[in-house]
Amino acid sequence: MGARQLYQLFGSLFLFFGLISGEWFLWLLGGFFFFVVVWHRWWKRNLPRWISISCQADGSRVMPGTAVRVRLVLGNRSWFPLPYTTIRFTLPEHVLVEGADKLELQNKRHVIQLWLSVPRRSQVERSITLIPQKRGIVWLTAVETELIGSFWPESIQTELRMPFSLLVYPALLPIPSVSFGDTEPLGRRLSRQRVQDDSAFIRGIRPYQGGDRLKLIDWKASAKTQSLKTRQLEYTSQPHWLILGHILPSYEPLLQKHNDGLNERTISTLASAAVQCRRSGLPYELWINVKWRGKEFLQFAKGSGKAHHVQVMTQLAQLHLFAPGSLLAVLRRLEQSREKQAILLISPRLDEVMMTALERLARRGHELVILDTSDEVVALHRIGTIRSHGAAGGALR
């Protein structure tokens, strides 16, 4: 029998004897026991209004292996102390935790417990250190608290909301230095000077993409087609690099093979190539053969600034539940483009069909460089550009 049942039993006995004897003291004593039970029920129901929890971290965007100090603050606005309060929450298995009072591994998740006592009308702060080992988002949205109530050993469990997230970027891999030959101030080759758009020469329009400048929107064409259109301007130099990522299905039934490791290496290589472009000040455009928002592939518009780089790295960190599309369809779309581009292909699998499509791109005058991620060490391959119409297809060298 618990403490609550004992209070109810004592209250019933005192009221019964008070009814028989007519003594007002027994009535008062029996009512007090029932009042404690009702008050405890009301206090338990309104407890989330009086306690709150907040979280502060040293950073919200980190690289894998970076230690992040997280401060948890538990506040008590009631006039009653909260002794021996337990805070419990879970984190993924790949997140290492330091500074917890108790740490358990259940269902591939770390169960963290913190024990503290909060005086009345005050708050208590605890700090833990999180070390994420994989890319992605570490969510911490709900925290369970366990309090000792008036009827010991019965405890009060409540759930507190705490919106906190930690974005972990992909790990950077050492990749070979990529170059597309000598630079020229004008022409079809890559130039290291800053890309400048000549607003006096418009070479066409295209559908609006996220990140386009508002002053480049063609409002007349948008009104006619009922969709936003962006003007494409002539460039004073080679426009940008085109980084093309090849993502494999997570599992291939015919081969009975899981490709999660290859895909993670490919995503890390994409991030490393983006960082290399950022450090060199070269604008780049990123295409990945995964279906995204009704489109056949994920496409990021050209850019070289900090906002563009943060957007690319954020999307690479969140790339998890994807449906890979056909890379050959993306290559065929590049064949139809009249613009000569510098293409950096990052792929873990190079078969004969893909090599044939790449040779066709080389015949059209595109510069092609391949980063092979099939092994632990990223290898660099180059496809020679075919400049004459009668020459044979380019070969790997």
Side-chain angles (χ1 to χ4, degrees), residues 61-66 94 132-136 167-180 190 240-250 252 257-290 292 297-300 302-304 308-322 324-328 330-331 334 341-351 354-355 357-358 361 366-383 396-397:
R61 298 170 180 264
V62 298
M63 299 297 296
T66 305
H94 63 83
Q133 302 296 327
K134 295 182 180 180
R135 68 174 181 90
L167 181 66
V168 184
Y169 288 136
L172 300 181
L173 300 178
I175 61 175
S177 180
V178 180
S179 176
F180 287 93
L190 182 66
H240 58 277
W241 281 16
L242 176 58
I243 302 178
L244 185 59
H246 183 198
I247 302 296
L248 301 176
S250 299
E252 295 177 300
K257 181 181 179 182
H258 292 273
N259 299 318
D260 294 336
L262 291 176
N263 289 333
E264 289 296 328
R265 193 179 305 125
T266 301
I267 293 175
S268 297
T269 308
L270 287 171
S272 302
V275 171
Q276 182 175 343
C277 292
R278 170 64 178 165
R279 292 175 179 175
S280 303
L282 297 175
Y284 64 95
E285 187 176 358
L286 180 62
W287 291 11
I288 305 178
N289 67 318
V290 294
W292 180 258
F297 61 95
L298 175 62
Q299 180 181 7
F300 285 96
K302 177 197 65 177
S304 60
H308 176 266
H309 182 69
V310 171
Q311 182 183 10
V312 169
M313 294 294 289
T314 301
Q315 187 57 52
L316 290 177
Q318 299 176 352
L319 195 63
H320 284 288
L321 299 178
F322 47 78
S326 175
L327 182 64
L328 296 177
V330 180
L331 296 178
L334 292 175
Q341 299 187 12
I343 303 175
L344 175 60
L345 174 62
I346 300 176
S347 173
R349 183 176 299 171
L350 300 173
D351 51 13
M354 185 182 301
M355 292 305 304
L358 295 177
L361 286 176
H366 299 278
E367 296 280 355
L368 291 171
V369 174
I370 301 175
L371 290 180
D372 188 3
T373 60
S374 57
D375 296 330
E376 294 293 335
V377 180
V378 180
L380 175 65
H381 304 291
R382 191 181 298 272
I383 295 184
L396 278 173
R397 69 170 185 269

So Leu334 and Leu242, do their side chains get closer than 4.5 Å, heavy atoms only? yes
Smallest separation among heavy atoms of Leu358 and Leu368, with atom names: O-CD1, 3.1 Å
Selection residues 270-279 - residue pairs positive for side-chain hydrogen bond (donor to acceptor under 3.5 Å, both in side chains), sequence neighbours left out: none
Throw together a table of side-chain donor-acceptor distances under 3.5 angstrom for residues 312-320, partners on residues two or more places apart or in other chains.
{"residue": "Thr314", "atom": "OG1", "partner": "Arg61", "partner atom": "NH1", "Å": "2.7"}
{"residue": "Thr314", "atom": "OG1", "partner": "Val310", "partner atom": "O", "Å": "2.7"}

Working for side chain to side chain contact (heavy atoms under 4.5 Å, CB included), residues Val168 and Thr66: CA-CA 9 Å; Val168 184; Thr66 305; over 6 Å; no
Strictly by salt bridge (charged side-chain N to carboxylate O under 4.0 Å, His left out), give each pair with a member in residues 369-378 just once, sequence neighbours left out. Arg265-Glu376
With rounding to the nearest 0.5 Å, note down the distance linking CG in Leu248 to OG1 in Thr266. 6.5 Å
So Met63 and Leu172, side chain to side chain contact (heavy atoms under 4.5 Å, CB included) or not? Walk me through it. CA-CA 9 Å; Met63 299 297 296; Leu172 300 181; 3.8 Å; yes
If you take all heavy atoms of Cys277 and Trp241, which pair is closest and at what distance? SG-CE3, 3.4 Å
Please report the interatomic distance CG(Leu371) to CG(Leu345), rounded to the nearest 0.5 Å. 8.5 Å
Measuring from Phe300:CZ to Ile243:CD1, what's the distance to the nearest 0.5 Å? 11.5 Å
Taking Ser347 for its side chain and Arg349 for its backbone only, find out whether a donor-acceptor pair lies under 3.5 Å. yes
Measuring from Leu244:CG to Asn289:CG, what's the distance to the nearest 0.5 Å? 7.0 Å
If you take all heavy atoms of Trp287 and Val330, which pair is closest and at what distance? CE3-CG1, 3.5 Å
Output the distance between atom CD1 (Ile370) and atom CG (Leu344), rounded to the nearest 0.5 Å. 9.5 Å
Rounding to 0.5 Å, atoms OG1 (Thr269) and CD1 (Ile346) come to a distance of 6.0 Å
Could you tell me if Glu285 and Gln299 have a donor-acceptor pair between their side chains, going purely by distance under 3.5 Å? yes
For the student: nearest non-hydrogen atoms of Ser304 and Pro283, plus distance: CB-CA, 3.6 Å
Could you pull out all residues at least two apart from Asp351 that satisfy side-chain contact (heavy atoms from CB on, under 4.5 Å)? Val353, Met354
Shortest non-hydrogen pair, Leu262 vs Ser374, comes out as CD2-O, 3.9 Å
Would you name the heavy atoms of Tyr169 and Pro64 that are closest together and state the gap between them? O-CD, 3.0 Å
Going by side-chain contact (heavy atoms from CB on, under 4.5 Å), name the residues that satisfy it together with Lys134, two or more places apart in sequence or in a different chain. His94
Tyr284 side chain reached by Lys302 side chain, heavy atoms, under 4.5 Å: no
Indicate yes or no for a side-chain donor-acceptor contact from Asn259 to the backbone of Ser250 under 3.5 Å, with no hydrogens or angles considered. no
Applying side-chain contact (heavy atoms from CB on, under 4.5 Å), can you list everything that pairs with Glu264, at least two apart in sequence or on another chain? Arg135
